[in-house]
Amino acid sequence: METEVKKKNEMWEWSKALLIAFGLAAIIRFFLFTPIVVDGESMMPTLEDGDRMIVNKIGYSVGEPDRFDIIVFHAPEKKDYIKRIIGLPGDHIAYEDDQLYINGEAIEEPYLDVYKQGITGTLTEDFDLVDVTGENTIPEGTIFVMGDNRRASKDSRHIGLVSTDEVIGDTNFVFWPLAEAGIVK
């Protein structure tokens, strides 16, 4: 009789431990971090098609997005996109001769240097925020995003400004494939 009670207690303890583990895993995935798979070549050479990353969902709950953060957001096509923040609220964005200008000041994009060396012509065609979005500056509550592979990226030049409400979180850690694992700049 005593061993039967012991078995029931042990079974109950294991059940509680499993319930707690599954509950914690669900909370972490739903509220804190979630995995995502890079789908396509729009962020090459920074990210490759099939890279698996961790999305930090809490970063923007306690802070603001920073220029050049790599983010994941809900796109109008009911799909999640991975892009880089180029413009923040109040910014005026323009490109001329493959040079980014924010509020009239030339801004370096060192993460594009490797890609620019392997192409002929310009990586990013000339544009002005007004021509693309109809806005002179980026309104509050929105951001301007672009993929690093500017020739093959569907981004704010095509889908418009992204509402910060649509941002899932930022990502900068590749965990698969193992050869590529690490922090992305």
Side-chain angles (χ1 to χ4, degrees), residues 36-53 55-57 59-61 63-174 180 183-185:
I36 191 163
V37 178
V38 176
D39 182 21
E41 299 178 348
S42 72
M43 283 299 291
M44 283 181 64
T46 308
L47 301 174
E48 302 285 334
D49 185 36
D51 281 354
R52 285 164 173 67
M53 304 184 75
V55 179
N56 176 357
K57 292 178 154 186
Y60 295 146
S61 300
E64 295 294 316
D66 289 325
R67 186 176 333 281
F68 305 131
D69 281 356
I70 298 173
I71 62 164
V72 178
F73 63 95
H74 300 301
E77 295 87 13
K78 305 292 183 226
K79 191 175 175 186
D80 292 341
Y81 280 7
I82 299 176
K83 304 291 178 196
R84 189 179 296 273
I85 297 174
I86 301 297
L88 299 168
D91 286 346
H92 176 82
I93 305 292
Y95 252 93
E96 189 175 318
D97 297 325
D98 228 2
Q99 175 63 58
L100 170 63
Y101 292 92
I102 299 178
N103 302 324
E105 180 183 336
I107 303 294
E108 294 300 316
E109 295 179 283
Y111 50 87
L112 296 179
D113 290 346
V114 171
Y115 203 57
K116 285 182 179 180
Q117 292 172 5
I119 63 167
T120 55
T122 59
L123 177 60
T124 310
E125 75 279 356
D126 292 355
F127 73 88
D128 189 277
L129 183 67
V130 175
D131 301 330
V132 174
T133 66
E135 302 282 345
N136 191 39
T137 60
I138 299 169
E140 284 299 319
T142 61
I143 52 178
F144 190 92
V145 298
M146 294 175 75
D148 290 356
N149 185 356
R150 305 290 165 80
R151 292 179 170 181
S153 176
K154 191 171 186 181
D155 49 41
S156 285
R157 297 171 293 171
H158 309 97
I159 63 172
L161 298 169
V162 174
S163 169
T164 53
D165 293 339
E166 297 299 320
V167 175
I168 298 167
D170 67 322
T171 182
N172 65 357
F173 185 75
V174 173
E180 307 287 324
I183 294 180
V184 177
K185 297 285 178 194

* For Pro45, check side chain to side chain contact (heavy atoms under 4.5 Å, CB included) against everything at least two apart and list the hits. =>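 Partners of Pro45 by the side chain to side chain contact (heavy atoms under 4.5 Å, CB included) criterion, ordered by chain and then number, come out as Tyr115.
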* Asked: Residues in side chain to side chain contact (heavy atoms under 4.5 Å, CB included) with Pro139, at least two apart?
  ->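 Result, side chain to side chain contact (heavy atoms under 4.5 Å, CB included) vs Pro139: Glu135, Thr142, Leu161.
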* Applying ring pair (Phe, Tyr, Trp, His ring centres under 6.0 Å), name anything that partners Tyr111, two or more places apart in sequence or on another chain. =>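 With neighbours one apart ignored, the set is Phe68.
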* Would you confirm whether Ser156, through its side chain, and Val145, through its main-chain N or O, come within 3.5 Å as a donor-acceptor pair? =>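 Checking the backbone N and O of Val145 against the side chain of Ser156, a donor-acceptor pair under 3.5 Å is found.
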* To do: Please answer whether the main-chain N or O of Thr122 pairs with a side-chain N or O of Arg151 as donor and acceptor at a distance below 3.5 Å.
  =>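 It does hold such a pair.
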* Could you list the residues that satisfy salt bridge (Lys or Arg N to Asp or Glu O under 4.0 Å) with Lys79, not counting sequence neighbours? =>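 By the salt bridge (Lys or Arg N to Asp or Glu O under 4.0 Å) rule, Lys79 matches Asp39.
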* **Set of residues satisfying salt bridge (Lys or Arg N to Asp or Glu O under 4.0 Å) with respect to Asp80, sequence neighbours excluded** =>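 Once residues adjacent in sequence are excluded, Asp80 has no partner under the salt bridge (Lys or Arg N to Asp or Glu O under 4.0 Å) criterion.
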Sequence-distant partners of [X], side chain to side chain donor-acceptor pair (under 3.5 Å), two or more places apart:
X	answer
Thr46	Asp148
Asp49	none
Asp155	Ser153, Arg157
Thr171	none

* If you round to the nearest 0.5 Å, how far is CG of Asp69 from CZ of Arg84? ->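 Separation between the atoms: 9.0 Å.
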* **Rounded distance [0.5 Å steps], CG in Asn149 versus CG in Leu123** =>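 So the gap between those two atoms works out to 7.0 Å.
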* Asked: Do Phe73 and Ile143 come close enough that some side-chain heavy atom pair is under 4.5 Å?
  ->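 Heavy-atom side-chain distance check fails, nothing below 4.5 Å.
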Could you give the side-chain donor-acceptor pairs of residues 162-169 under 3.5 Å, partners two or more places apart or in another chain?
| unit_1 | atom_1 | unit_2 | atom_2 | d |
| --- | --- | --- | --- | --- |
| Ser163 | OG | Asp165 | N | 3.2 |
| Thr164 | OG1 | Gly141 | O | 3.3 |

* Asked: Restricting to pairs with a member in residues 126-153, which pass ring pair (Phe, Tyr, Trp, His ring centres under 6.0 Å), not counting sequence neighbours?
  ->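 As it turns out, the ring pair (Phe, Tyr, Trp, His ring centres under 6.0 Å) pairs with a partner in residues 126-153, which skip direct neighbours, are Tyr95-Phe127, Phe127-Phe144.
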* Asked: Restricting to pairs with a member in residues 96-105, which pass side chain to side chain donor-acceptor pair (under 3.5 Å), not counting sequence neighbours?
  ->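 Passing the test, one end in residues 96-105: Asp91-Asn103.
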* Asked: Taking atom types as modelled and ignoring hydrogens, do the side chains of Ser42 and Lys154 form a donor-acceptor contact shorter than 3.5 angstrom?
  ->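 No - no donor-acceptor pair under 3.5 Å links their side chains.
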